[in-house]
Amino acid sequence: MTEDTMMRIALRGDRARYAALTDEILESVLEAAEADEFILKARAARFETELAGVLGAAHAVGCASTAGALLLVLSALGCGPGDEVLVPAWAPDALSGAVLRTGARPVFVDVSPEDGAPAVEVLAAAVGPATRAVLLGPAGSGGARTALHTAALGLGLPVVGTGRPEPHRPPAPGVTTVVPLGPDDLLGGIGDAAAIVTGDDAVARACRMLRNHGQDLAVRFLHHRVGFNCRMDEAVAAFLLRRLPELEARSTAVRGLADRYTEALRGAGAGVLVLGPEPWPSPYNGLTIVTALRDAVRARLAAHGVEAAVPPFRPHGPAGAGPEASAVFPGAQRLAEQALSLPLYPGLAPADVDLIASVVVQCHAEHRDGTR
């Protein structure tokens, strides 16, 4: 069996998706070049305005990367030395990395293996006198995240979240969301990019300045604050503008596929738990399941030509905790040992979803019957 055959159903589907977009990619680059505008100019500004309109948000601030956007928001909120920021113990390392870059200390909180997000009572128990903000990863159902937002805001703490863009669903007051816009994300750019979506005028204004070395756009080389370079590229913005009208259709398509997965996976019984599926808890924007048979399921899928992956989220513990992290954060440890991301993206055939789900169900059925 060749490698191409083994990966007939790719985890992300980027190759097929971008093969049909070559002309638009070249046109986007040419458009920026002919206008002699390459960084944070007219196309970036237009994309910010149009994205905010689609999402129903007051502000969208275009940035060069998701990690940079997280650092911008935390800096805009005033996080720094002596402060603490609550971070899920099972989440991308970029979250804790952004906190550390501000000089603040990440305080990790355990997550529920049911949806990958902290429980409200666990989050509240971790709040201390030095807590400055709550930083949430992409995991968690819509209901769980709303409850966390309400609890944090009730404690007087701003919330920074990460997740895919949801048409007509702006962040709640007091919540700022970082939306990844890279090639593997729902909208799909031609380079790394992100947007900060918020209803807070002060946060938006600070992020716009900090991403541009502390300058505003009125007077060049007048630095009001110590910032850094996290500016959106014009060619990337031009391409994203071409993709933006497809956002709602792409979101609807993926939700339909996620629902199809969820229904089909019921056949596996209690042996399989579907995380989400809104928003996706996988760094690959796939559908993530939790199963004690992860390695066997992944191997069986590969034999059927399906690519699956283990999310690279590690169960964090307090500084120096080492092996004790599994005891401190059992929910995060379980997800680190049992989570598996399955293909989920616009353009994935419903028949492929059925195949993948049937393989997962069969693997669990054979395990119950003792035939494998």
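Position 1 is the first residue of the sequence, and the numbers go up from there. The model shown is predicted, which means the values in this text are computed figures rather than measured ones.
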Trainee: Hey, could you give me the OG/CG distance between Ser28 and Asp233, rounded to the nearest 0.5 Å?
Mentor: 10.5 Å
Trainee: If only atom types and distance count, is the side chain of Gln215 paired as donor or acceptor with the main-chain N or O of Phe221 below 3.5 Å?
Mentor: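 Here the side-chain-to-backbone pair exists.
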Trainee: Look at the side chain of Asn212 and the backbone N and O of Met209, then say whether any donor-acceptor pair between them is shorter than 3.5 Å.
Mentor: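 Side chain of Asn212 to backbone of Met209, a donor-acceptor pair under 3.5 Å: no, none is there.
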Trainee: Between Asp192 (side chain only) and Ser65 (backbone N and O only), is there a donor and an acceptor less than 3.5 Å apart?
Mentor: no
Trainee: For Leu275 and Pro113, which heavy atoms make the closest approach, and how far apart are they?
Mentor: CD2-O, 3.7 Å
Trainee: Glu48 and salt bridge (Lys or Arg N to Asp or Glu O under 4.0 Å): which partner among Arg211, Lys41, Arg43?
Mentor: Arg211
Trainee: Starting from Val29, can I reach Leu181 by hopping between I/L/V/M/F/W/Y residues whose side chains sit under 4.5 Å apart?
Mentor: no
Trainee: Under the side chain to side chain contact (heavy atoms under 4.5 Å, CB included) rule, what do Leu244 and Leu247 come out as? Steps first, then yes or no, please.
Mentor: CA-CA 5 Å; Leu244 192 55; Leu247 177 59; 4.2 Å; yes
Trainee: When hydrophobic residues are tied together by side-chain contacts of less than 4.5 Å, even through go-betweens, does Ile9 share a cluster with Leu301?
Mentor: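 Same cluster.
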Trainee: Identify whether the distance between the nearest side-chain nitrogen and carboxylate oxygen of Arg300 and Glu366 falls below 4.0 Å.
Mentor: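 Yes, this pair counts.
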Trainee: Do the side chain of Glu31 and the main chain of Ala235 share a donor and acceptor less than 3.5 angstrom apart?
Mentor: no
Trainee: Would you confirm whether Asp115, through its side chain, and Ala117, through its main-chain N or O, come within 3.5 Å as a donor-acceptor pair?
Mentor: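 Side chain of Asp115 to backbone of Ala117: a pair is present.
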Trainee: Considering non-hydrogen atoms only, spot the tightest contact between Leu55 and Glu166 and give its length.
Mentor: CD2-O, 3.4 Å
Trainee: List the steps and the verdict of salt bridge (charged side-chain N to carboxylate O under 4.0 Å, His left out) for Glu307 and Arg8.
Mentor: CA-CA 8 Å; Glu307 183 182 11; Arg8 183 184 68 80; over 6 Å; no
Trainee: Would you call Val134 and Leu148 a side-chain contact if the rule is heavy atoms closer than 4.5 Å?
Mentor: no
Trainee: Report yes or no: do Val159 and Val111 belong to one cluster of Ile/Leu/Val/Met/Phe/Trp/Tyr joined by side chain heavy-atom distances under 4.5 Å?
Mentor: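 In one cluster: no.
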Trainee: If I take atom SG from residue Cys363 and atom NE2 from residue His367, how far apart are they, to the nearest 0.5 angstrom?
Mentor: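 Cys363 atom SG to His367 atom NE2 measures 9.0 Å (nearest 0.5 Å).
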Trainee: Looking only at atom types and distance, does a side-chain atom of Tyr261 sit under 3.5 Å from a main-chain N or O of Gly256, one as donor and one as acceptor?
Mentor: no
Trainee: Are Thr288 and Ser341 close enough that a side-chain donor and a side-chain acceptor fall under 3.5 Å?
Mentor: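 Indeed, the side chains of Thr288 and Ser341 share at least one donor-acceptor pair under 3.5 Å.
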Trainee: Would you compute the distance between atom CG of Leu186 and atom CD of Glu246 and round it to the nearest 0.5 angstrom?
Mentor: 10.0 Å
Trainee: Between Val361 and Ala264, what is the shortest heavy-atom contact and its length?
Mentor: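 Looking at all heavy atoms of both residues, the shortest contact is CG2-O, 3.6 Å.
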Trainee: Using 0.5 Å steps for rounding, measure from the CZ atom of Arg101 to the CG atom of Leu71.
Mentor: 8.0 Å
Trainee: Under the 3.5 angstrom rule, does the side chain of Asp216 hit a backbone N or O of Val219 as a donor-acceptor pair?
Mentor: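 Side chain of Asp216 to backbone of Val219: a pair is present.
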Trainee: Tell me whether Arg334 contacts the main-chain N or O of Ala339 through its side chain, where contact means a donor paired with an acceptor under 3.5 Å.
Mentor: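 Not at all, since once roles are kept as given, no pair shorter than 3.5 Å links the two residues.
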Trainee: Would you tell me whether Asn229 and His213 have side-chain atoms, one donor and one acceptor, within less than 3.5 Å of each other?
Mentor: no
Trainee: Taking the side chain from Arg294 and the backbone from Glu337, do they hold a donor-acceptor pair closer than 3.5 Å?
Mentor: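 Here the side-chain-to-backbone pair exists.
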Trainee: Show the nearest heavy-atom pair for residues Leu344 and Leu287, with the distance to one decimal.
Mentor: CB-N, 3.6 Å
Trainee: Between Arg250 and Glu248, is a salt bridge (charged side-chain N to carboxylate O under 4.0 Å, His left out) present by the stated rule, with each step listed?
Mentor: CA-CA 5 Å; Arg250 295 176 69 81; Glu248 188 155 10; over 6 Å; no
Trainee: Under the 3.5 angstrom rule, does the side chain of Tyr345 hit a backbone N or O of Ala10 as a donor-acceptor pair?
Mentor: yes
Trainee: Taking it one step at a time, do Arg260 and Glu263 satisfy salt bridge (charged side-chain N to carboxylate O under 4.0 Å, His left out)?
Mentor: CA-CA 5 Å; Arg260 191 181 187 99; Glu263 183 62 32; over 6 Å; no
Trainee: To check you understand the geometry: which heavy-atom pair defines the closest contact between Arg145 and Ala139, and what is its length?
Mentor: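 Reported closest heavy-atom pair: NH1-O, 3.0 Å.
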Trainee: Within this structure, what is the CG-CZ distance for the pair Leu293 and Arg298, rounded to the nearest 0.5 Å?
Mentor: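 The CZ atom of Arg298 is 15.0 Å from CG of Leu293, to the nearest 0.5 Å.
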Trainee: Within 45 degrees of the axis of the six-membered ring of Phe239 and under 6.0 Å from its centre: does Arg243 put its NZ or CZ there?
Mentor: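 Output yes; distance and angle both within limits.
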Trainee: Which heavy atom of Val87 sits nearest a heavy atom of Pro106, and at what distance?
Mentor: CG2-CB, 4.1 Å
Trainee: Going from CZ on Arg169 to CZ on Arg164, what distance comes out if it is rounded to the nearest 0.5 angstrom?
Mentor: 8.5 Å
